[in-house]
Amino acid sequence: MEANGTKGLLLNEPLIFEKSSEGRVGVEPASFDVPRADAAALIPGGLLRDGLDGFPDLSEIDTVRHYTRLSQWNFGLDSGFYPLGSCTMKYNPKVNEDIAGMTGFTRIHPYQSEDLSQGALEVMYELEAYLAEISGMDAVTLQPSAGAHGELCGLLMIAEYFKSKGRPRTKVIIPDTAHGTNPASSHLAGFKVVPVKSEGKGVLTVEAVKAAIDRETAAVMLTNPNTLGLFESHIKEIADLVHSKGGFLYCDGANLNAIMGIMKLGDLGVDVVQFNLHKTFSTPHGGGGPGSGPVGVRLVLEPYLPVPRIKKAGKKFKLVTDRPKSIGRLKAFYGNFSIMVRAYSYIRRMGGEGLKRASETAILNANYIKERLKGTYQLAFDRPCMHECVFSDKLQQADGVSTMDVAKRLIDYGYHPPTVYFPLVVPGAIMVEPTETESLETMDKFIEAMRAIAQEAKTNPELLKNAPANTRVQRVDETRAAREPVLKWTGVKK
Amino acid sequence: MEANGTKGLLLNEPLIFEKSSEGRVGVEPASFDVPRADAAALIPGGLLRDGLDGFPDLSEIDTVRHYTRLSQWNFGLDSGFYPLGSCTMKYNPKVNEDIAGMTGFTRIHPYQSEDLSQGALEVMYELEAYLAEISGMDAVTLQPSAGAHGELCGLLMIAEYFKSKGRPRTKVIIPDTAHGTNPASSHLAGFKVVPVKSEGKGVLTVEAVKAAIDRETAAVMLTNPNTLGLFESHIKEIADLVHSKGGFLYCDGANLNAIMGIMKLGDLGVDVVQFNLHKTFSTPHGGGGPGSGPVGVRLVLEPYLPVPRIKKAGKKFKLVTDRPKSIGRLKAFYGNFSIMVRAYSYIRRMGGEGLKRASETAILNANYIKERLKGTYQLAFDRPCMHECVFSDKLQQADGVSTMDVAKRLIDYGYHPPTVYFPLVVPGAIMVEPTETESLETMDKFIEAMRAIAQEAKTNPELLKNAPANTRVQRVDETRAAREPVLKWTGVKK
Amino acid sequence: MPYIPHTDKDISVILKAIGVSSLDDILGSLPAGLRVKGSLNLPKGLSEQELKSLLKGLSGKNSTVEEYTSFLGAGAYNHYIPSVVASLISRSEFYTSYTPYQPELAQGTLQAIFEYQTLVCQLTAMDVSNASLYDGASATAEAVLMARRITGRHGVVLSSALHPEYRDTVKTYLKGSGDHISEVMYCTEEGRTLPGALEGAINDNTACVVVQHPNFFGSLEDVGELARIIHEKKGLLIVVTNEAVSLGLLKPPGELGADIAVGDNQSFGNPLSYGGPHLGFMATKTEYIRQMPGRLVGQTVDKNGQTAFCLTFATREQHIRRERATSNICTNHGLCALAASIHMVSLGSKGLKTLALLNLSKAEYLKERLSSAGVKPAFTSQTFNEFTVKVEKDPDSLLKSLLKKRIMGGLSLKKFHPVLSSHLLVAATELNSREEIDRFAEELAKA
Amino acid sequence: MPYIPHTDKDISVILKAIGVSSLDDILGSLPAGLRVKGSLNLPKGLSEQELKSLLKGLSGKNSTVEEYTSFLGAGAYNHYIPSVVASLISRSEFYTSYTPYQPELAQGTLQAIFEYQTLVCQLTAMDVSNASLYDGASATAEAVLMARRITGRHGVVLSSALHPEYRDTVKTYLKGSGDHISEVMYCTEEGRTLPGALEGAINDNTACVVVQHPNFFGSLEDVGELARIIHEKKGLLIVVTNEAVSLGLLKPPGELGADIAVGDNQSFGNPLSYGGPHLGFMATKTEYIRQMPGRLVGQTVDKNGQTAFCLTFATREQHIRRERATSNICTNHGLCALAASIHMVSLGSKGLKTLALLNLSKAEYLKERLSSAGVKPAFTSQTFNEFTVKVEKDPDSLLKSLLKKRIMGGLSLKKFHPVLSSHLLVAATELNSREEIDRFAEELAKA
Ligand SMILES: Cc1ncc(COP(=O)(O)O)c(C=O)c1O
Ligand SMILES: Cc1ncc(COP(=O)(O)O)c(C=O)c1O
């Protein structure tokens with residue numbers, strides 16, 4: 001087969017500090033049109049800075065080249081297929097970037113008068129309503145900065161609910177397939193985490209929950225579809241169960257891309273859900289953020305939402321803070337507004353039909369890859385999946401080849417590897433999420449590459465073990481990074 | 001030495017037509033808010049299109065990846081040092097791109113009322129004045145689209161001048177060091193080209209011009225500094241000579257980056273000059289344009305400038321077309337406005353001091369490279385140069401190594417090769433123009449690379465002959481391209 | 001100093017290496033008395049922040065077609081440009097590189113141009129296209145020169161329904177080689193070039209006939225018939241298209257008998273920009289390649305047999321051929337061509353056809369609304385997205401009063417064609433909403 | 001359908017390969033009765049052109065700090081962002097990539113974060129910095145939790161001159177682990193936290209004291225003295241900086257005794273964006289690394305011994321440690337950190353110092369102009385680029401009348417501190433010209 005990946009010229013580049021030359025200025029600040037203040041006279045001596053040791057001095061062109069070259073060592077969604085499971089690496093529309101960059105959205109101050117911010121408030125107000133409609137929730141806050149932040153928000157609200165009723169609860173039940181942020185957020189919200197095992201069934205059973213649940217259980221926290229890409233088919237019964245115990249059903253909505261317009265979480269009995277706008281709603285991941293993690297809740301939890309809330313009075317939008325039951329705030333100001341603008345734009349572009357089509361197509365794509373690679377790679381669960389499918393390296397282990405080797409070899413073929421070794425319940429997991437924005441042709445080529453690699457594993461396993469061969473750096477020594485930590489540059493500036 | 005260049009992952013990519021899939025739409029047009037016209041009924045049958053054979057159908061993400069990958073096969077000024085002589089590859093400021101992208105500059109129609117275009121006209125009016133000041137000319141037109149277009153403009157004006165006096169002249173004298181556009185433009189303007197040889201002297205002598213000039217000579221066309229990077233030291237005498245014969249001195253201003261604020265061409269006796277905004281004035285080259293080639297002239301030629309002219313009446317700017325002696329127009333509308341905006345921004349950012357410093361530094365940089373590489377490579381002329389210096393492969397030929405080999409080997413080191421085999425008068429020319437925006441460190445590394453290559457030429461010439469080794473494609477067969485022309489894709493669409 | 005990295009220390013190192021004590025030692029050969037005294041009389045340099053605010057102010061002195069409703073066309077069309085275009089052409093590997101002289105470092109640009117050449121051939125149904133020319137007007141002029149070289153004849157017949165600034169440009173370009181230009185008058189009823197009139201205008205020395213289609217008045221020409229007539233005299237037909245979107249709907253010049261198709265591709269991917277940079281295109285028949293001006297990219301292989309691209313047929317060009325080159329063009333409009341390609345590819349065949357139909361539909365709706373408001377088409381010919389109307393009042397004062405309603409109501413034709421002293425040329429594109437069209441008609445009726 | 005490439009043919013191929021006849025066969029396990037009937041109640045989808053015009057309209061309903069003169073700060077600062085920033089962070093290899101889990105494909109992001117960590121350490125004079133947190137407020141909350149883990153104590157003392165929304169955030173974050181929060185009142189005359197007051201507010205169970213510097217009122221705190229006091233009790237000092245430009249002039253927290261330095265780096269490279277995304281930072285001492293939340297990038301080598309970077313100390317994080325992680329943070333603010341780095345690097349040490357001095361100078365000039373206009377600073381402490389003034393009229397109606405003059409005249413402090421009912425918090429940056437400052441003072445005097 002013809003591999004997508006090849007080798008070509010890249011430029012080396014040292015650390016920015018090593019390019020520095022004393023006295024150079026890149027983009028100098030504006031000139032002084034007011035008298036130059038006498039800092040030494042104004043600032044108490046002990047508070048005045050002496051030097052700025054090591055801070056780099058570069059010309060503008062060298063700064064530009066530095067970051068241009070760095071970028072060229074990266075692989076983005078725009079470079080190629082990026083089937084990172086659980087991350088919903090769908091296309092990030094360029095028009096959203098243009099829109100988010102409009103000065104009417106970027107150059108507005110969070111404390112400027114509400115009268116001057118009606119456009120921003122309208123976007124936010126409507127986005128809340130759209131997310132409520134999509135999820136079947138009654139109210140939505142846009143404040144959290146990412147998925148994990150949203151989880152914390154939702155769990156704090158649940159905690160607060162019980163506290164306000166005078167009967168605080170202490171536990172949250174979380175399946176072992178859950179993303180690590182779920183237990184971490186629960187802990188941060190003050191809960192004890194009660195893990196339930198999926199025991200090879202792929203989905204959570206009512207029995208397993210029943211065995212774990214009690215009157216101390218504030219919530220069951222699941223992900224639907226779960227991190228195996230499977231629909232939690234007993235979700236409604238689980239919801240009924242947890243409700244019967246007076247608890248809440250929290251759904252990690254990171255995988256919402258599988259069910260938009262197909263099912264509403266609210267109809268399934270979910271009480272709280274966080275959205276990952278940087279997954280489902282096409283906002284870019286930025287190499288590690290910023291994201292945005294709105295939270296939707298049922299009416300009973302609405303009073304606990306963070307402040308401020310956006311209200312519409314007549315044709316005017318305003319921010320309301322006087323909400324005594326609120327958990328307060330999770331950050332300064334109102335959330336990651338520019339990410340909301342992108343998500344809003346995405347929803348308006350797609351419409352209801354489009355969102356549904358997105359989810360349907362995401363499911364088709366995942367099932368296509370599942371079907372065409374099963375047998376070549378061991379499927380964790382051989383049943384219809386939703387938006388992602390999970391394989392393992394079981395069939396490759398005979399040849400002494402691991403998931404990591406397959407992943408690294410894929411790089412040579414020009415693909416970003418899938419998510420590996422997650423979820424933890426599948427040893428050597430290879431989790432593929434194509435998303436709906438990938439074409440049949442792209443998947444076919446990827447499938448071909450995966451098959452070629454499986455073949456190589458048998459005929460020439462060294463190829464895999466030495467992979468990647470095409471990249472500038474190869475098999476980075478992560479152990480050494482942890483053992484001999486070098487966490488910043490400590491050289492001496494020129 | 002540590003080379004800048006290395007090898008890393010790149011993505012392969014077929015022709016866009018090969019990625020097409022019937023029925024796919026990328027960015028669909030807006031919806032019909034007016035009745036859908038019945039084209040078949042409206043348009044005469046013989047004028048209605050049947051198909052659009054081969055026209056590609058791609059999704060948005062595939063379009064994005066296609067061009068992203070293509071870009072990754074390219075080397076730009078932002079990737080690294082690009083010492084292409086005669087091209088003034090100086091830094092293209094990012095702020096100029098932002099400014100040129102302001103809707104107040106992009107979304108204005110050339111025929112909208114002058115009252116609505118005062119900002120554009122002001123920029124153009126002032127830019128003309130700045131260019132006049134920099135060159136010492138009396139009047140400037142911004143209409144030409146590039147350097148060659150400017151040459152044509154200037155030469156047509158000269159021709160028209162003589163015609164209007166009733167004594168048309170037929171010849172233009174051009175030194176053999178001249179850029180190919182000079183004779184081509186002269187020819188296009190209707191002149192016979194009279195070449196003069198520089199005869200190994202590097203600069204044009206008065207004697208050589210004297211021998212060629214006569215009363216049929218409309219102009220002497222030289223480049224100053226010339227394409228060997230040398231200042232035409234006899235320019236004033238040559239100007240006096242050509243003036244004494246009733247002719248004009250045309251200066252190709254492509255090398256203006258060497259003399260801003262140091263000398264004004266007008267003071268040297270030049271009558272006509274074209275500016276290359278995409279060289280001297282930092283506008284990007286765009287992989288082959290668009291550029292902009294304004295022309296400055298002395299008062300006597302002012303009536304011949306293309307129409308329209310911009311005039312200021314009170315505080316208002318307006319376009320004037322009623323100029324009976326004008327050569328007319330060289331294109332529709334007024335010129336490459338968005339390039340003018342960038343050049344204007346550059347001049348305003350630099351100021352007079354800055355422009356002078358730019359030229360001074362460009363000269364220092366070129367002389368630095370010249371001094372540090374002479375001996376390693378044969379200098380065409382061992383004397384102080386202006387903004388560029390010319391070497392040859394004379395010293396390398398003993399080892400069977402040519403300029404082309406050196407150039408290709410430089411690519412492996414991470415550099416764009418200099419201009420090669422130009423000017424034609426220096427066999428195996430290697431023409432290095434660092435420009436002022438390159439730092440000492442960048443030049444030092446380049447010099448090291450050039451020296452290392454000279455060493456390799458002796459010790460391992462195959463390295464050079466097989467170069468480049470780091471690039472995705474290597475030694476492209478240009479002969480075959482001309483012999484078996486394939487000038488478009490002729491496959492069948494999927 | 002902005003953009004210049006040199007510290008004082010760097011300067012001393014450099015001077016020392018050169019072996020001089022100051023720059024003046026280097027500049028010794030320059031005529032001392034002619035050195036600039038003091039500094040250039042230019043405004044003081046600005047910081048980036050100040051610069052941006054200054055230019056923001058200047059740009060604000062222009063009114064845009066976003067702030068106004070515009071019905072202006074006439075060779076510069078206000079189309080929606082998808083966001084992918086700017087996003088991709090602003091990749092610095094594209095826009096900060098030079099003409100692709102070193103193919104190993106420029107495969108991106110080269111493949112993109114090769115694809116552009118193919119797209120232009122597909123659009124026009126011609127055999128071969130170049131990498132770009134400056135704009136439609138200069139491309140037309142180049143085509144005329146090319147036709148002369150091919151035919152060895154001098155006569156040039158321009159349709160008077162060719163854009164007046166294109167006609168002017170041709171005249172200027174031909175000053176050097178003797179003009180021999182004549183015009184064939186358009187039919188004042190139909191607003192197009194009549195085959196019969198052409199017949200009378202050409203002779204055995206006619207190198208070429210130039211017609212624009214759709215023409216300056218927006219009318220469709222009977223290109224096939226015009227082709228037949230000039231071909232009978234063994235002259236060439238040059239077809240000019242400056243509203244390239246029309247090619248999504250109209251039979252391409254190549255199928256109508258054009259020998260050279262030129263025009264402007266600004267409509268694809270390039271903003272109005274007050275008239276430039278736009279994007280001249282040229283396509284022709286294989287047999288004429290060696291007379292074609294401008295760059296060409298060809299497909300070939302590298303030393304390992306891998307597909308690769310490079311500039312080719314350079315022997316036509318000035319840097320090899322000097323005064324015998326097919327043209328003096330060197331820097332062309334590469335980035336504009338890239339933008340056009342991306343826009344075309346974004347549309348795809350279906351999108352382009354839809355866009356063309358949408359433009360036709362908007363224009364037909366505008367025609368209908370204007371008619372209802374008493375403003376009728378001036379000519380009987382069919383049109384694409386632009387047409388000429390006759391108004392009762394003075395067009396200039398009409399336009400002025402429309403401006404007060406924030407409408408740019410088209411172009412008064414008076415200054416181009418004195419006989420069309422009560423005529424307006426109006427265009428409608430996908431960017432003119434129905435409401436805008438309705439409002440224009442209303443205001444025109446009122447004015 | 002936008003962004004979805006599938007043609008009908010593709011869908012059939014896929015269905016066939018899966019071995020089903022329709023999607024419903026796949027969705028069989030979904031509770032049928034609960035499937036969404038009909039379609040979502042959302043506005044109809046839009047073409048790109050329509051979308052852009054809709055959002056242009058919405059953005060136009062906001063008034064910007066470009067259209068108005070703004071003296072608002074209070075944790076969100078209006079600085080000039082050099083053009084290189086957007087130009088570089090918009091390279092898709094950066095912004096369309098995920099968290100750098102596969103180091104071979106993410107050396108760009110990784111090296112950039114490593115450099116960002118270094119820059120933050122240099123700015124703050126701390127040993128180690130993480131890759132970023134959400135914003136200054138949540139970073140402060142994380143720092144408090146971290147201090148509790150380090151000290152094993154519970155008490156948290158917040159300066160009441162800490163940004164009120166930061167205080168609220170800390171309270172929310174601490175709901176889960178019991179708050180034990182107390183506040184130490186600022187000195188109403190000096191507008192800062194008095195060492196003496198702090199002495200009385202802490203005890204042997206105090207995990208940490210949190211002070212902001214410059215504080216919410218713009219005043220400089222006596223950080224060194226506060227550090228001494230809390231360190232005597234073996235508690236930790238958390239210093240919060242939300243105007244990071246001040247670090248170009250002010251002694252860094254690391255040199256003043258801070259154990260954890262947190263804050264917001266929005267001032268570098270990140271627009272106001274109506275309050276987000278901003279950029280939380282955190283730096284601390286080497287000994288506390290294992291208690292630090294957030295990602296860390298380390299330098300290492302690859303299998304060929306070449307320098308390379310990767311995520312490290314992952315055992316602190318939730319994907320390994322789950323509920324025992326130092327924090328739940330996963331997606332952070334990577335691109336904002338990149339923007340901040342580029343802005344810092346563009347300034348360089350000299351530029352940053354100049355920028356800080358320019359900000360101080362603008363604020364001092366503003367102080368002087370306001371004083372002349374009868375509006376005096378409310379507190380005696382020295383300030384950086386922001387300060388509190390006392391006005392005679394009702395601040396809210398003052399601000400309202402200033403809006404009519406297109407001036408955003410600062411922040412009324414009433415709602416945050418009821419006692420400050422006639423106080424305004426005003427900031428000046430390099431973007432406030434002298435003329436604007438003069439006009440503000442004039443209008444304030446008139447209003
Ligand atoms: C299933 C799941 N839940 C939660 C998260 C956390 O989201 P974030 O990274 O935005 O905090 C992720 C992110 O990878 C996830 O995949
Ligand atoms: C000396 C010289 N003159 C003229 C030109 C032609 O300029 P343009 O390419 O803008 O037409 C060039 C371009 O390379 C040049 O180097």
Side-chain angles (χ1 to χ4, degrees), chain A residues 26-27 29 33-34 37 52 55 57 67 70-71 73-78 99 102 104 106-107 109-110 116 118-119 145-146 148 180 183-185 187 189-190 193 284-291 328-329 332-333 336-338 351-352 354 368 384 439-440 471 473 475-476 480-481 486 488-489, chain D residues 5 10 14 26 39-40 42 45 55 58-59 61-64 72 82 88 91-93 96-97 99 103-105 107-109 118 134 137 165 172 176 271 273-277 298-300 302-303 308 310 312 318-319 322-323 325 328 331-335 346 348-349 355 360-361 364-365 434:
Chain A
V27 184
D33 62 351
V34 296
L52 239 172
F55 212 74
D57 298 319
Y67 289 102
L70 258 49
S71 78
W73 305 342
N74 254 20
F75 186 102
L77 192 51
D78 286 5
I99 290 169
M102 291 173 176
T106 57
R107 302 205 60 194
H109 193 284
L116 304 187
Q118 288 295 304
S145 301
S185 302
H187 174 74
V193 174
H285 280 91
R329 53 166 61 248
F333 317 124
N336 285 350
F337 176 70
S338 88
Y368 182 72
S439 69
L440 181 58
T471 48
V473 304
R475 297 270 177 155
V476 176
R480 170 166 157 165
V486 180
K488 66 175 180 188
W489 175 78
Chain D
D10 296 338
I14 289 174
I26 299 173
S39 56
L40 291 172
L42 293 174
L55 272 287
L58 282 165
S59 79
K61 291 189 190 170
N62 298 322
S63 299
T64 68
L72 283 166
L88 291 166
R91 287 189 58 84
S92 63
E93 294 93 331
T96 73
S97 61
T99 299
E104 286 89 352
L105 291 184
Q107 285 297 303
T109 295
T118 307
Y134 303 134
E165 297 195 0
T172 302
S273 270
Y274 206 49
Q299 182 176 324
T300 179
D302 77 349
K303 73 168 185 198
C310 65
T312 190
Q318 24 65 34
H319 57 281
R322 301 181 78 83
E323 64 267 29
N328 70 332
T331 292
N332 50 47
H333 279 205
L335 200 69
S346 292
S349 61
L355 179 63
L360 176 71
S361 304
E364 290 298 318
Y365 182 75
R434 180 187 195 124

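No hydrogens, no waters, no symmetry mates; every other heavy atom, side chains included, goes into these values. Just so we're on the same page: letters track the sequence lines, and every chain starts at 1.
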Tell me which of these, [options], has more heavy-atom pairs under 4.5 Å with chain A than the rest.
options                              : result
D/Thr96, D/Leu58, D/Leu335           : D/Thr96
D/Glu165, D/His333, D/Lys61, D/Arg91 : D/Glu165
D/Pro82, D/Pro103, D/Ser273, D/Ser92 : D/Ser273
D/Thr300, D/Asp10, D/Thr99           : D/Thr300
D/Leu105, D/Thr64, D/Leu42           : D/Leu105
D/Ile26, D/Leu40, D/Asn62            : D/Asn62

Which of [options] touches chain D most, by non-hydrogen pairs under 4.5 Å:
options                                : answer
A/Leu77, A/Asp78, A/Leu116             : A/Leu116
A/Ala332, A/Gly287, A/Ala481, A/Ser439 : A/Gly287
A/Gly328, A/Pro284, A/Gly291           : A/Pro284
A/Arg107, A/Arg480, A/Met102           : A/Arg107
A/Gly289, A/Ala146, A/Gly190           : A/Gly289
A/Gly351, A/Gly352, A/Gly119, A/Ser338 : A/Gly119

* To do: Report the distance from atom SG of D/Cys310 to atom CD of D/Glu104, rounding to the nearest 0.5 Å.
  => 9.5 Å

* Could you grab the distance from atom CH2 of A/Trp489 to atom OG1 of D/Thr118, nearest 0.5 Å is fine? => 8.5 Å

Is chain A contacted by the side chain of [X], its backbone, both, or neither, given a heavy-atom distance below 4.5 Å?
X        : answer
D/Leu88  : side chain
D/Gln299 : both
D/Thr331 : both
D/Tyr274 : both

Minimum heavy-atom separation for [X] to [Y], with atom names?
X        : Y        : result
D/Glu93  : A/Asn74  : O-ND2, 3.0 Å
D/Ser97  : A/His285 : O-CB, 3.3 Å
A/Val473 : A/Thr471 : O-OG1, 2.7 Å
D/Gly298 : D/Thr312 : N-CG2, 3.7 Å
A/Ser145 : A/Asn336 : O-ND2, 3.4 Å

* Interface moiety of A/Ala189 toward chain D, non-hydrogen atoms closer than 4.5 Å -> backbone

* To do: Go through the structure and list residues passing salt bridge (charged side-chain N to carboxylate O under 4.0 Å, His left out) with D/Arg322, not counting sequence neighbours.
  => none

* D/Asp302: salt bridge (charged side-chain N to carboxylate O under 4.0 Å, His left out) partners, not counting sequence neighbours -> none

* Asked: What do the steps show when you test A/Tyr368 against A/Leu440 for side-chain contact (heavy atoms from CB on, under 4.5 Å), and what is the final call?
  -> CA-CA 9 Å; A/Tyr368 182 72; A/Leu440 181 58; 3.5 Å; yes

* Could you walk me through whether A/Val34 and D/Glu364 pass side-chain contact (heavy atoms from CB on, under 4.5 Å), step by step? => CA-CA 9 Å; A/Val34 296; D/Glu364 290 298 318; over 6 Å; no

